[in-house]
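Remember, it's a predicted structure, so these values are computed and weren't measured experimentally.
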Amino acid sequence: MSCTAASNRTLEGKVAVVTASTEGIGLAIAKQLARDGAKVMISSRKQEKVNEAVLQMEKEEKGCSVKGVVCHVAKAEHRKNLIEQTLHHFGGIDILVSNAAANPVFGPILQVKIIGTPEEGWDKIFDVNVKSAFLLAKDIIPLMEKKGGGSVIFISSIGAFRPLEYIGAYCVSKTALVGLTKVLAEECGHMGVRINCIAPGIIKTNFSEAINIYLMKQCSSQPLCLVFRIGLSNDIGGAVSFLSSDQASYITGETLVISGGIHSRL
């Protein structure tokens with residue numbers, strides 16, 4: 001059954017897994033992939049959120065194929081279940097969008113006696129943002145290879161290129177994803193699996209509200225900054241869909257910055 005909201009259907013017959021996809025950027029990505037023809041498995045840590053998101057997508061994207069499962073990406077059994085449920089419902093995996101992220105601490109990373117980033121904070125940030133992203137990709141890439149190829153997309157951040165003093169550990173983890181993208185792209189090329197990364201800028205979400213206020217103040221003081229508005233979650237979905245499609249078949253190992261003009265370089 002086709003989706004009534006579909007446009008080019010560039011992902012017809014593809015199966016996509018999107019982590020942390022019951023709200024914000026993740027949900028917008030899931031909706032766009034569904035509009036473009038993909039069967040989508042959404043996930044988050046809470047069953048209630050999963051149920052709500054599935055119902056929302058079924059209502060808004062008539063005829064699209066979507067399922068949901070609880071998944072805390074830092075838990076191995078949850079990652080395993082996410083993969084198993086996707087295979088059970090859809091028969092394979094062609095697209096992985098690793099969007100899950102955590103930032104449990106806020107403050108200068110060296111001032112540990114004031115606010116700081118305690119060791120457990122660093123552990124959680126890297127377990128969720130980097131380690132879990134890699135382990136999930138590691139388990140899914142062989143499944144993609146068996147199907148003749150696939151696409152993995154890591155969701156990084158403008159903070160990977162432009163570190164922010166109050167979320168330093170988070171920014172370091174997002175820079176690590178840029179490096180992981182390059183490493184995996186070289187290893188997976190012969191498998192037909194492309195690995196890319198997207199670094200969103202100032203995007204209006206509940207997760208990033210406090211960060212956005214700081215970023216906008218910082219950027220407004222710099223005459224060369226081109227930002228003309230706060231980005232929306234929908235601004236990310238189209239880019240993910242493109243990188244997941246055959247239209248991007250010659251693109252791998254790259255990080256696409258979607259920042260409205262915030263300058264970025266490593």
Among N196, I195, I198, side chain to side chain contact (heavy atoms under 4.5 Å, CB included) partner for F154 | I195

What closest approach, in Å, do [X] and [Y] show between heavy atoms, and which atom pair accounts for it?
| X | Y | answer |
| --- | --- | --- |
| C64 | A34 | SG-O, 3.5 Å |
| A133 | L177 | CB-CD2, 4.2 Å |
| P163 | C171 | CA-SG, 4.0 Å |
| A160 | T175 | O-OG1, 2.8 Å |
| I42 | A30 | CG2-CB, 3.7 Å |
| A185 | T252 | CB-OG1, 3.6 Å |

Looking only at atom types and distance, does a side-chain atom of R194 sit under 3.5 Å from a main-chain N or O of A248, one as donor and one as acceptor?
-> yes

Between S245 and L11, is there a donor-acceptor pair closer than 3.5 Å when you use the side chain of the first and the backbone of the second?
-> no

Going by the rule side-chain hydrogen bond (donor to acceptor under 3.5 Å, both in side chains), which residues pair with [X] if we only count those two or more places apart in sequence or in a different chain?
| X | value |
| --- | --- |
| S241 | D36 |
| K31 | E60 |
| S132 | none |
| N129 | S173 |

Report the relative orientation of the aromatic rings in H72 and H78; use parallel for angles under 30°, tilted for 30 to 60°, perpendicular for over 60°.
-> perpendicular

Membership question, hydrophobic clusters at under 4.5 Å side-chain separation (ILVMFWY): are [Y] and [X] in the same one?
| X | Y | result |
| --- | --- | --- |
| L96 | V69 | yes |
| L243 | V15 | no |
| F242 | V193 | no |
| M57 | V50 | yes |
| V178 | V152 | no |

Could you tell me whether the side chain of [Y] reaches within less than 4.5 Å of the side chain of [X], counting heavy atoms only?
| X | Y | result |
| --- | --- | --- |
| V105 | P118 | yes |
| V97 | L33 | yes |
| M144 | I93 | yes |
| V240 | I155 | yes |
| S264 | I158 | yes |
| E187 | I141 | no |

Straight-line distance of [X] [atom1] to [Y] [atom2], nearest 0.5 Å:
| X | Y | atom1 | atom2 | value |
| --- | --- | --- | --- | --- |
| I25 | I236 | CD1 | CD1 | 5.0 Å |
| I29 | N234 | CD1 | CG | 10.5 Å |
| I153 | L256 | CD1 | CG | 9.5 Å |
| C188 | K138 | SG | NZ | 11.5 Å |
| D139 | R79 | CG | CZ | 7.0 Å |
| T19 | L136 | OG1 | CG | 7.0 Å |

Do Q247 and T10 pass the side-chain contact (heavy atoms from CB on, under 4.5 Å) test, and can you show the C-alpha distance, the side-chain angles, and the key distance before you say yes or no?
-> CA-CA 8 Å; Q247 294 175 336; T10 53; 3.9 Å; yes

Which hydrophobic side chains are connected to V73, either touching it within the sub-4.5 Å cutoff or through other members that do?
-> V128

When clusters are formed from ILVMFWY side-chain contacts under 4.5 Å, directly or step by step, what else is grouped with V183?
-> none

Any ring-ring contact (aromatic ring centres under 6.0 Å, His included) pairs touching residues 126-145, not counting sequence neighbours?
-> W122-F126

Could you list all the side-chain hydrogen bond (donor to acceptor under 3.5 Å, both in side chains) pairs where at least one residue sits in residues 149-160, not counting sequence neighbours?
-> none

Listed once per pair and sorted, the side-chain hydrogen bond (donor to acceptor under 3.5 Å, both in side chains) pairs that draw on residues 38-51, sequence neighbours left out = T22-S44, Q47-N51

Decide side-chain contact (heavy atoms from CB on, under 4.5 Å) for E58 and V66; before the verdict, give the C-alpha distance in whole Å, the side-chain angles of both, and the deciding distance to 0.1 Å.
-> CA-CA 7 Å; E58 289 177 339; V66 57; 3.8 Å; yes

Donor-acceptor pairs under 3.5 Å, side chain of residues 80-88 to any protein atom, not counting sequence neighbours: which ones?
unit_1 : atom_1 : unit_2 : atom_2 : d
T86    : OG1    : L82    : O      : 2.7

List in chain and number order the residues that pass salt bridge (charged side-chain N to carboxylate O under 4.0 Å, His left out) with K174, two or more places apart in sequence or in another chain; answer none if no residue qualifies.
-> none

Kindly state each residue pair satisfying salt bridge (charged side-chain N to carboxylate O under 4.0 Å, His left out) with at least one member in residues 92-103, sequence neighbours excluded.
-> D94-K147

